[in-house]
Amino acid sequence: EVQLQASGGGLVQTGGSLRLSCVASGSRFIFDDYAIAWFRQAPGKEREEISCIVNTDGSTASADSVKGRFTISKDSAKNTIYLQMNSLMPEDTAVYFCAAAWGSPCPFDEVEYWGQGTQVTVSS
């Protein structure tokens, strides 16, 4: 199995920034064989994929709602995926999850492993 640990959420004001981290591990985990994505779920809404990275080549995809404001990146030496979130708006308030899928393209065609959620709250 692959274990994912997300962190970095918090409370910020409109226009502020946060950086989320997702550390992946597993006894047989090979970082570059996986695609990693960030999802979010706002109250009363379905979970949506907002940004994704293919670890093999670093290719990415982002939802229109965050494009130009959020940037996904990786540090292969640390088995870590980051989501830099800038120009945050109240509409970004949600629980954010990282997820992994072996051999998946971006956007994901399926989710294989979920990490725990981290709360992001953006005040007016």
Side-chain angles (χ1 to χ4, degrees):
E1 293 187 356
V2 175
Q3 296 176 321
L4 304 169
Q5 295 186 219
S7 62
L11 173 64
V12 298
Q13 296 182 357
T14 297
S17 298
L18 285 172
R19 189 178 75 163
L20 306 183
S21 299
C22 177
V23 179
S25 62
S27 61
R28 297 183 179 181
F29 175 69
I30 301 175
F31 187 75
D32 286 346
D33 286 348
Y34 284 81
I36 310 291
W38 287 99
F39 290 75
R40 69 183 181 187
Q41 188 165 21
K45 296 185 178 181
E46 294 184 350
R47 191 171 298 183
E48 63 172 337
E49 182 177 341
I50 57 171
S51 195
C52 181
I53 185 167
V54 178
N55 289 349
T56 301
D57 59 12
S59 61
T60 62
S62 295
D64 289 342
S65 59
V66 305
K67 195 171 298 182
R69 299 188 298 120
F70 294 7
T71 302
I72 191 169
S73 62
K74 66 183 179 73
D75 185 339
S76 296
K78 298 181 179 180
N79 286 358
T80 300
I81 303 297
Y82 301 99
L83 185 67
Q84 179 65 48
M85 305 186 295
N86 298 324
S87 301
L88 284 162
M89 302 180 294
E91 302 93 281
D92 296 316
T93 295
V95 178
Y96 285 70
F97 303 85
C98 59
W102 186 90
S104 178
C106 283
F108 271 20
D109 55 13
E110 64 177 346
V111 175
E112 190 172 6
Y113 301 102
W114 289 101
Q116 88 287 2
T118 185
Q119 177 71 48
V120 172
T121 302
V122 185
S123 63
S124 300

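The first residue of the sequence shown is numbered 1, and numbering continues consecutively from there. What you are looking at is a predicted structure, and each value in this text was computed from that prediction instead of being measured.
Of the possible polar contacts, none joining the Gln5 side chain to the Gly115 backbone as a donor-acceptor pair under 3.5 Å is found. At least one donor-acceptor pair under 3.5 Å links the side chain of Glu49 to the backbone N or O of Phe108.
For Ser51 and Ser62, the side-chain atoms include at least one donor-acceptor pair closer than 3.5 Å.
The side-chain hydrogen bond (donor to acceptor under 3.5 Å, both in side chains) check on Thr56 picks up nothing, with sequence neighbours excluded. By the ring pair (Phe, Tyr, Trp, His ring centres under 6.0 Å) test, Phe39 is found to be paired with Trp114, residues two or more places apart in sequence or in another chain being considered. Ser123 is linked by a side-chain hydrogen bond (donor to acceptor under 3.5 Å, both in side chains) to nothing, counting only residues two or more places apart in sequence or in another chain. With sequence neighbours excluded, the residues that form a side chain to side chain contact (heavy atoms under 4.5 Å, CB included) with Thr80 are Ser21, Val23, Lys78, Tyr82. Gln3 pairs by the side-chain hydrogen bond (donor to acceptor under 3.5 Å, both in side chains) definition with nothing, not counting sequence neighbours.
Note that the CG atom of Asp92 and the OG1 atom of Thr121 stand 11.0 Å from one another [nearest 0.5 Å]. Taking CG of Asn86 as the reference point, atom CZ of Arg19 lies at 11.5 Å (rounded to 0.5 Å). Atom OG in Ser7 sits 8.0 Å away from atom CD in Gln116 (nearest 0.5 Å). Separating the CG atom in Leu11 from the CD atom in Gln119 is a distance of 9.5 Å, to the nearest 0.5 Å. Taken to the nearest 0.5 Å, the CZ atom of Arg47 stands 13.0 Å off from the CZ atom of Arg40.
By the 4.5 Å side-chain criterion applied to Ile, Leu, Val, Met, Phe, Trp and Tyr, Val120 is assigned to a cluster that also includes Val2, Leu4, Val12, Leu18, Leu20, Phe29, Phe31, Tyr34, Ile36, Trp38, Ile50, Ile53, Val66, Phe70, Ile72, Ile81, Leu83, Met85, Leu88, Tyr96, Trp102, Tyr113, Val122.
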